[in-house]
Student: 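Sharing a structure, written as structure tokens. Questions coming.
Naming: A, B, ... by sequence-line order, numbering from 1 per chain. Hydrogens, waters and symmetry mates are skipped; everything else that's a heavy atom, side chains included, is used. Owing to the predicted nature of the structure, the values given are computational and were not obtained by experimental measurement.
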Protein chains: 2
Amino acid sequence: MCAYVEMRGMTEKEKLIYAAKARVIKALAHPTRLWMVERLADGERCVCEFADDVDADFSTVSKHLALLRQAGIVEDEKRGKQVFYRLKVPCVIKFMSCVEAVIESQAKEQSALLK
Amino acid sequence: MCAYVEMRGMTEKEKLIYAAKARVIKALAHPTRLWMVERLADGERCVCEFADDVDADFSTVSKHLALLRQAGIVEDEKRGKQVFYRLKVPCVIKFMSCVEAVIESQAKEQSALLK
DNA sequence: TGCACACATGGCAAAATAACCCTATATATA
DNA sequence: TATATATAGGGTTATTTTGCCATGTGTGCA
């Protein structure tokens, strides 16, 4: 322990809150799920559309979408034989530009090293 | 496969991009790391401050911070015996309000079920 | 010079995740 | 009603992540 004044431990309530937040973010932390979320920014899509586009088993795609639904990021609606998914809280899309900023900052650093 | 017109598979380049994005988001997808990132919004902190606050081994805290650094989210600076961490791309903080919105949306739904 | 502190890192075991295959369910359609 | 289609969910295995311990490194101080 270091000799510091202002100590502020993580309370029990905070632990629960941050676990919940991490759970939402974790749902976005997968290439396929991230891609699907960004596609949903353009409007709803059914599972089979994703299954065609993504190079993965149908059941894998279905499970990814289920995970996003459980996290509260998307919602689904069954119409006929198909199930359509759409963004429930569209603000998640806005975050992507920041993620890109992180990557660009990294890239800039990397290229600076080569000089 | 369903009978749909507009099919747009994930290109190889997109796979790389989304893997990179997911890597950044994954760095945030942990309760302890998330908590540390939010604390850093108030200014830099040294590792030992976190170690005092977080209920985990010192080495665990150090590894979490290393992971955030490798993801390009924080940067560190050694001053004397201590290493100080600070946010490198502060926009990540703005995302938190959206994550909270997701959780509130979920909570609202849950309580609606009880009526 | 030697010691104590602040961190980082390698190794390891447990836990969580991911992706496949297979089966079950619901809905349109013949 | 039988059948094909669209999707969900269980089971299993491989991979990744997590967190602790032990150890190594650098820095200030006695």
Student: Could you state the atom-to-atom distance from CG of A/Asp55 to P of C/dA18 in whole Å?
Tutor: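 In whole Å, C/dA18 P lies 17 Å from A/Asp55 CG.
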
Student: Sequence neighbours excluded, which residues qualify as salt bridge (charged side-chain N to carboxylate O under 4.0 Å, His left out) partners of B/Arg86?
Tutor: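 For B/Arg86, the residues satisfying salt bridge (charged side-chain N to carboxylate O under 4.0 Å, His left out) (neighbours in sequence not counted) are B/Glu44, B/Glu75, B/Glu77.
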
Student: When you measure from the side chain of B/Gln106 to the backbone of A/Gln70, do you find a donor-acceptor pair of N or O atoms at a distance under 3.5 Å?
Tutor: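 Yes, the answer is positive, given that a donor and an acceptor are paired below the 3.5 Å cut-off.
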
Student: Could you tell me how the ring of A/His64 sits relative to the ring of A/His30: parallel (under 30°), tilted (30 to 60°) or perpendicular (over 60°)?
Tutor: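 It falls in the tilted class, 30° to 60°.
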
Student: If you take atom types as modelled and just measure distance, does the side chain of B/Ser59 reach the base of C/dC7 with a donor-acceptor pair under 3.5 Å?
Tutor: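 By the distance-only test, no, there is no pair.
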
Student: Less than 6.0 angstrom from the centroid, inside 45 degrees of the normal: does A/Arg33 satisfy that with respect to the ring of A/Trp35?
Tutor: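 Cation-pi check for A/Arg33 and A/Trp35: fails.
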
Student: Output the residues of residues 21-31 of chain B in contact with DNA chain D, where contact means a heavy atom of the residue under 4.0 Å from an atom of the strand; sort by number or write none.
Tutor: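 Output list: B/Lys26, B/His30.
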
Student: For B/Leu65 and C/dC7, what is the distance between atoms CG and P respectively, to the nearest whole Å?
Tutor: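 From B/Leu65 CG to C/dC7 P: 10 Å.
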
Student: Which nucleotides of nucleotides 24-30 of chain C have their base under 4.0 Å from a protein heavy atom (B), which only their sugar-phosphate (S), and which neither (-), written as one string 5' to 3'?
Tutor: --SBS--

Student: For B/Lys63 and D/dT16, what is the distance between atoms NZ and P respectively, to the nearest whole Å?
Tutor: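 Distance, rounded to whole Å: 17 Å.
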
Student: Which whole-number value in Å describes the distance from A/Leu67 CG to C/dT17 P?
Tutor: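 My rounded result for the distance is 8 Å.
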
Student: Given the rule in the side chain to side chain contact (heavy atoms under 4.5 Å, CB included) test, do B/Thr32 and B/Phe50 qualify, once you have shown the distances and angles that lead to the verdict?
Tutor: CA-CA 10 Å; B/Thr32 302; B/Phe50 286 127; over 6 Å; no

Student: Around B/Asp55, counting heavy atoms of other residues, nucleotides and ligands shown, do more than 12 lie under 6.0 Å from its CG?
Tutor: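 Not buried by this count: 12 neighbours or fewer within 6.0 Å.
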
Student: Inspect the contact between B/Glu14 and B/Lys21 and indicate whether a charged nitrogen and a carboxylate oxygen are less than 4.0 angstrom apart.
Tutor: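 No.
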
Student: Where the side chain of A/Phe58 is concerned, which of C/dA8, D/dT7, D/dG10 is the nearest nucleotide?
Tutor: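 From the listed options, D/dT7 comes nearest.
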
Student: Is the NZ or CZ atom of B/Arg79 both under 6.0 Å from the centre of the six-membered ring of B/Phe84 and within 45° of that ring's axis?
Tutor: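 Yes, B/Arg79 sits over the ring of B/Phe84.
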
Student: Within this structure, what is the CG-to-C1' distance between B/Asp76 and C/dA6, rounded to whole angstrom?
Tutor: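 Those two atoms, CG and C1', are 13 Å apart.
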
Student: For B/His64 and D/dT16, what is the distance between atoms NE2 and P respectively, to the nearest whole Å?
Tutor: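 B/His64 atom NE2 is separated from D/dT16 atom P by 19 Å.
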
Student: Hey, does the side chain of B/Thr60 come within less than 4.0 Å of D/dC20's phosphate (OP1/OP2), counting only N and O?
Tutor: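 Yes, within the criterion.
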
Student: NA contact type, A/Tyr85, heavy-atom cut-off 4.0 Å: base, sugar-phosphate, or nothing?
Tutor: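 Sugar-phosphate, backbone atoms only, no base.
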
Student: Can you tell me which nucleotide in D/dC20, D/dA6, C/dA6 comes closest to the side chain of A/Gln82?
Tutor: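 So the nucleotide nearest the side chain must be D/dA6.
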
Student: Taking atom C1' of C/dA13 as reference, at what distance in whole Å does atom CG of B/Asp57 sit?
Tutor: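 Rounded to the whole Å, the gap is 15 Å.
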
Student: Could A/Arg69 and A/Tyr85 be counted as a cation-pi pair, given that NZ or CZ must be under 6.0 Å from the ring centre and within 45° of the axis?
Tutor: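 Relative to the ring axis of A/Tyr85, which defines the angle, A/Arg69 lies outside at least one limit.
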
Student: Of the nucleotides D/dG19, C/dC20, C/dA8, which has the atom closest to the A/Ala56 side chain?
Tutor: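 Within the option list, the nearest is C/dC20.
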
Student: Rounding to an integer number of Å, can you tell me how far A/Leu68 CG sits from C/dT17 P?
Tutor: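 Computing the A/Leu68:CG to C/dT17:P distance gives 14 Å.
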
